[in-house]
Amino acid sequence: MARPPTFSPPQTEAELLARARALSGVCLGELAQRVGAEAPVDLRRAKGFTGQLVEQLLGASAASRAEPDFQRLGVELKTLPVNRRGRPAESTFVSTVDLAEIDRVEWAACRVRAKLARVLWVPVEGERDLPVPARRLGEPLLWSPDPDQDAQLRADWEELAGVIGRGGIESLSARRGRVLQVRPKAANARSRRQGTDEDGLPFATLPRGFYLRASFTAEILRRNYALPG
DNA sequence: GATTGATCATAC
DNA sequence: GTATGATCAATC
């Protein structure tokens, strides 16, 4: 993406939400122009395009920082591709699996919970047959997990973290977990990260990440939007 | 049609 | 290489 004009960080949640609302209904082609960029024809070689574009437009701190997108506000930004029925088209990446420390961290202090504590969801049209520049942003939603959602996330995280902490990451498939799952998060299948096996010995494994299942984000949208039947 | 495992771009 | 931003594409 070309060098963008800079947008100041929002000072309050209300300001952030107002800015995001002002972008709803606008297509990615026009939004890209506003930062001096051009929307790609497809996302095969630009998978992070939408997220990075919206980050810029809303004044998020620079990408690739291990901090909330809106540091001052403690808010994480997530664009969410949705189909024409308003259903998420993809799972949502949350955080990488910290193989070195996960056996010593509790839910209350883990990165998954921290990241999901406050999220600005920005739906974006995600039909693959809709050209990227024509895809429009939807109405944003500033969200925190309710007690039930927190409990669901916690149960899955504790189960998954338990398996990993006992050295069983190689036995974990994406089928595990009702709302949260563990999947590869890597440049390619040859990527490696140091983990711990069942005997407590270090070994090299594929980097993994925690993802929210689409069914979980679909429920968030269902509760907060009037969706087509 | 939905899901899992694999992959891509960029910043530092 | 590691972190961020995610979607692709093979398969079920």
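Keep in mind it's a predicted model, so treat the numbers as computed, not measured. The sequence lines fix the lettering, A, B, ..., with proteins before strands; numbering per chain opens at 1.
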*Transitively linked via ILVMFWY side-chain contacts under 4.5 Å: A:Leu141 with A:Leu153?*
yes

*Side chain of A:Ala66 only, please: which of C:dT7, C:dA9, C:dT4 is the nearest?*
C:dT4

*Hey, does the side chain of A:Arg190 come within less than 4.0 Å of B:dA6's phosphate (OP1/OP2), counting only N and O?*
no

*Which nucleotide in the list B:dA6, B:dT7, C:dA3 gets nearest to the side chain of A:Arg193?*
C:dA3

_From CZ of A:Arg44 over to C1' of C:dA10, roughly how many Å is that when rounded to an integer?_
15 Å

*What nucleic acid atoms does A:Arg85 come within less than 4.0 Å of, heavy atoms only: base, sugar-phosphate, or nothing?*
nothing

*asked:* On DNA chain C, compare the nucleotides closest to A:Arg135 and A:Glu76; which residue's is nearer the 5' end?
replied: A:Glu76

*Separation of atom CG in A:Asn188 from atom C1' in B:dG5, rounded to whole Å*: 13 Å

*Just to confirm, is there a sub-4.0 Å distance from OP1 or OP2 of B:dT3 to any side-chain nitrogen or oxygen of A:Arg87?*
yes

_side chain to side chain donor-acceptor pair (under 3.5 Å) assessment of A:Arg111 paired with A:Thr96_ = CA-CA 9 Å; A:Arg111 292 162 52 195; A:Thr96 51; 2.8 Å; yes

_Any N or O donor-acceptor pair under 3.5 Å from the base of C:dG5 to the side chain of A:Lys185?_
yes

*Among B:dA6, C:dT2, B:dA9, the one nearest A:Ala189 by side-chain distance*: B:dA6

*If each of A:Ser215 and A:Ala186 is mapped to the nucleotide of DNA chain B with the nearest heavy atom, which maps nearer the 5' terminus, i.e. the 5' end?*
A:Ser215

*Answer yes or no: does a side-chain N or O of A:Arg175 lie under 4.0 Å from OP1 or OP2 of B:dG5?*
yes

*Answer whether the closest heavy-atom distance between the side chains of A:Asp156 and A:Arg213 falls below 4.5 Å.*
no

_Using heavy-atom distances to pick each residue's nearest nucleotide on DNA chain C, tell me which of A:Asp42 and A:Arg111 is more 5'._
A:Arg111

*Could you state the CG-P distance from A:Leu80 to C:dG5, rounded to the nearest angstrom?*
14 Å

*Could you check which of B:dT4, B:dA6, C:dT4 has an atom nearest any side-chain atom of A:Leu206?*
B:dA6

*asked:* Looking at A:Val124, is its backbone amide N or carbonyl O close enough to the side chain of A:Arg135 to form a donor-acceptor pair, meaning the two atoms are under 3.5 Å apart?
replied: no

*With heavy atoms under 4.0 Å as the rule, sort A:Pro207 into base, sugar-phosphate or nothing.*
nothing

_Measure CD/A:Gln194 against C1'/C:dG1 and give the value in whole Å, please._
15 Å

_What contact category does A:Arg128 fall into here, base, sugar-phosphate, or nothing, at under 4.0 angstrom with non-hydrogen atoms?_
base

*asked:* Does a side-chain N or O of A:Lys78 approach OP1 or OP2 of C:dA6 to a distance below 4.0 Å, or not?
replied: yes

_Taking CZ in A:Arg87 as the centre, count heavy atoms belonging to other residues, nucleotides or ligands within less than 6.0 Å. Is the count above 12?_
yes

*asked:* What is the distance, to the nearest angstrom, from the CG atom on A:Leu212 to the C1' atom on C:dT7?
replied: 16 Å

_What's A:Arg45 touching, base or sugar-phosphate or nothing? Going by heavy atoms closer than 4.0 Å._
sugar-phosphate

_Between C1' on C:dA3 and CD on A:Gln71, what's the gap in Å once rounded to a whole number?_
15 Å

*Over how many whole Å does the gap from A:Phe210 atom CZ to B:dT4 atom P extend?*
15 Å

*Pick base, sugar-phosphate or nothing for A:Glu67, based on heavy-atom distances below 4.0 Å to the nucleic acid.*
nothing

*Within the pair A:Thr79 and C:dA6, is there a side-chain N or O less than 4.0 Å away from OP1 or OP2?*
yes

*Using a 4.5 Å cut-off on heavy atoms from C-beta on, say whether the side chain of A:Trp107 contacts that of A:Asp150.*
yes

*Which word best sums up how the rings of A:Phe210 and A:Trp157 line up, parallel for under 30°, tilted for 30 to 60°, or perpendicular for over 60°?*
tilted

*asked:* Whole angstroms only, please: what is the CG-C1' distance between A:Asp98 and C:dA3?
replied: 13 Å

*Please work out if A:Thr50 contacts a base, only the sugar-phosphate, or nothing of the nucleic acid, heavy-atom cut-off 4.0 Å.*
nothing

_Out of C:dG5, B:dT4, B:dT7, whichever nucleotide has its closest atom nearest the side chain of A:Ala174_ = B:dT4

*Name the nucleic acid region contacted by A:Thr92, choosing base, sugar-phosphate or nothing; use a 4.0 angstrom heavy-atom cut-off, strictly under.*
nothing

*Hey, is the side chain of A:Gln181 poking within less than 4.0 Å of OP1 or OP2 on B:dT4, counting only N and O atoms?*
yes

